[in-house]
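Residues take their numbers from the sequence shown, with the count starting at 1. Numbering of ligands and ligand atoms starts at 1, following listing order. No hydrogens, no waters, no symmetry mates; every other heavy atom, side chains included, goes into these values.
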Amino acid sequence: MITISDLRKVYRQGDREVIALDGVSLQVPKGSIHGIIGHSGAGKSTLVRCLTLLDRPTSGTVSIVGAELAGAKNSELRTARRRIGMVFQHGNLLDSRTAAGNVAHPLELVRTPKSRTAERVAELLSLVGLEGAENAYPSQLSGGQRQRVGIARALAADPHVLLCDEPTSALDPKTTEEILVLIEDLTRRLQLTVLLITHEMGVVKRICDSVSLLSHGKIVQSGPLGEVAADLDGALSKALLPLPAGAPAADGTVLEILFSGGSASEPVLSGITRRFDMDVNVLAGSVETLAGSEFGRLRVQLEPGADAAGVLNYLRQNRVAVEVAQ
Ligand SMILES: Nc1ncnc2c1ncn2[C@@H]1O[C@H](COP(=O)(O)OP(=O)(O)O)[C@@H](O)[C@H]1O
Ligand SMILES: [Mg+2]
């Protein structure tokens with residue numbers, strides 16, 4: 001479990017203040033994956049650094065599995081940090097050491113006996129699907145294999161929490177998928193609590209249970225994937241359910257409709273057709289399964305002169321989120 005309360009981080013640059021985190025509060029339950037999405041400069045890396053306490057927050061608290069970190073002494077911090085595994089964008093491996101040597105590194109730092117280290121390294125490499133690659137150097141491994149080594153290393157000290165900062169940004173789509181599946185599988189099997197930083201909504205959709213949108217150091221929207229997707233007015237819903245851009249319709253009202261849960265598009269559209277005796281022209285559409293529920297987004301054009309207010313009412317009564325796009 002990760003609990004962040006009112007975290008602020010202000011950097012001083014000469015006589016200027018940069019507010020990198022402006023009152024961030026967040027809870028991530030054990031065994032789940034929480035995505036943090038935001039543009040460059042939003043404060044994502046600062047958040048990670050404050051969580052590992054590589055950076056001291058200006059104010060606020062961070063607690064990881066009940067251990068309060070923000071006020072901890074340096075010795076306590078070293079112990080607490082071991083409970084946090086870090087996965088970086090480029091793996092951050094030591095080039096001079098083999099895959100096994102990289103995974104052994106954190107264990108050596110805490111003076112684990114050699115035989116135990118060897119045993120644990122073999123276990124970890126097998127856990128991430130890298131049996132047989134023990135003696136390979138990072139330069140001999142693919143990007144995906146390097147990231148697997150990075151994940152094995154992050155797990156070496158049996159962390160409760162995994163912080164992943166853009167873990168797949170340097171990978172091609174197929175390797176991204178493999179690494180995401182691995183992170184998801186490890187989270188479930190080891191009951192990890194994972195905070196995953198990304199700028200890609202595809203990553204959030206693929207493995208996150210919940211998501212926060214960070215912007216200018218503030219969390220703008222946060223919640224389980226299904227909930228934020230179903231909130232049509234929220235910033236995340238549109239990003240989760242992208243619609244292809246379309247040329248504006250020549251005439252007639254254009255609506256954007258969001259379906260969630262049970263309501264399917266056809267009954268609703270045929271409902272409009274029957275009830276209002278008009279044709280509905282579908283301009284664009286997409287359907288996604290998020291958190292096990294189906295979501296659909298449609299852009300439809302009503303006949304010119306149609307009773308748009310009536311249609312809006314009808315849709316809302318049927319628990320379909322709708323807004324006028326034109
Ligand atoms: N060490 C620092 N000193 C001054 N400003 C910083 C420092 N680190 C980050 N910032 C500023 O804090 C803001 C958030 O940065 P960062 O956390 O790196 O964003 P992100 O990872 O989302 O791109 C930016 O405006 C950045 O310029
Ligand atoms: Mg960053």
Side-chain angles (χ1 to χ4, degrees), residues 2-28 33-64 69-70 72 74 77 81 84-93 143 146-147 150-151 153-154 159 161-173 175-176 179-180 183 193-223 225 228 234-236 238-240:
I2 304 174
T3 307
I4 302 169
S5 305
D6 206 15
L7 200 64
R8 277 176 61 80
K9 177 68 190 180
V10 182
Y11 291 109
R12 273 174 215 294
Q13 278 186 329
D15 54 2
R16 214 168 62 90
E17 284 192 341
V18 180
I19 303 174
L21 294 176
D22 192 4
V24 169
S25 297
L26 183 64
Q27 271 203 359
V28 186
I33 306 178
H34 187 86
I36 302 272
I37 192 155
H39 293 300
S40 171
K44 304 184 296 296
S45 296
T46 305
L47 180 61
V48 169
R49 284 200 303 275
C50 285
L51 283 173
T52 56
L53 295 204
L54 291 172
D55 245 354
R56 288 272 182 169
T58 307
S59 64
T61 59
V62 174
S63 128
I64 288 191
L69 289 190
N74 284 340
L77 267 187
R81 265 197 212 125
I84 305 172
M86 280 286 312
V87 177
F88 304 93
Q89 180 171 0
H90 293 285
N92 281 23
L93 303 182
R146 281 199 293 274
Q147 198 53 295
I151 292 170
R153 181 187 55 189
V161 163
L162 210 53
L163 302 180
C164 307
D165 195 356
E166 302 276 4
T168 57
S169 302
L171 305 175
D172 62 64
T175 314
T176 292
I179 293 295
L180 293 178
I183 292 174
T193 307
V194 179
L195 200 67
L196 193 155
I197 310 284
T198 182
H199 64 276
E200 293 166 288
M201 200 46 108
V203 169
V204 171
K205 277 201 254 190
R206 181 65 186 79
I207 62 165
C208 291
D209 300 297
S210 53
V211 61
S212 292
L213 172 65
L214 192 66
S215 175
H216 302 291
K218 287 189 163 99
I219 290 183
V220 179
Q221 196 185 5
S222 184
L225 230 53
V228 297
L236 281 168
K238 288 199 175 78
L240 279 165

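- Going from atom CD1 of I179 over to atom CD1 of I151 covers 4.5 Å, rounded to the nearest 0.5 Å.
- Among protein heavy atoms, atom 19 (O) of ligand 1 sits closest to G43 N, 3.2 Å.
- Contact annotation for R49 and ligand 1: only side-chain heavy atoms (C-beta onward) come within less than 4.0 Å of the ligand.
- Polar contact check, V18 against ligand 1: no nitrogen or oxygen pair lies under 3.5 Å apart.
- Annotation: the span from H34 atom NE2 to I2 atom CD1 amounts to 9.0 Å, rounded to 0.5 Å.
- Side chains of T168 and I183 form no contact here, defined as non-hydrogen atoms less than 4.5 Å apart.
- Of the protein's heavy atoms, T46 OG1, 3.8 Å lies nearest to atom 15 (O) of ligand 1.
- For atom 23 (O) of ligand 1, the closest non-hydrogen atom on the protein side is G41 N, 2.6 Å.
- With respect to atom 18 (O) of ligand 1, the closest heavy atom belonging to the protein is S45 CB, 3.9 Å.
- Residue A42 has at least one heavy-atom neighbour below 4.0 Å for each of these atoms of ligand 1: 19 (O), 20 (P), 22 (O).
- Atoms OG1 and CG, from T198 and L180 in turn, are 8.5 Å apart once rounded to the nearest 0.5 Å.
- For H39, every heavy-atom contact with ligand 1 shorter than 4.0 Å involves the backbone, none the side chain.
- Residue T193 holds its OG1 atom at 10.0 Å from CG of L163, rounded to the nearest 0.5 Å.
- For atom 6 (C) of ligand 1, the nearest non-hydrogen atom of the protein is Y11 CD1, 3.3 Å.
- A distance of 4.5 Å separates OG1 of T176 from CG of L171, quoted to the nearest 0.5 Å.
- The closest side-chain heavy-atom distance from L47 to I4 is below 4.5 Å.
- Atoms of the protein (N, O or S only) found under 2.8 Å from the Mg ion (ligand 2) are S45 OG.
- In terms of N/O distances under 3.5 Å, ligand 1 is not approached by A20.
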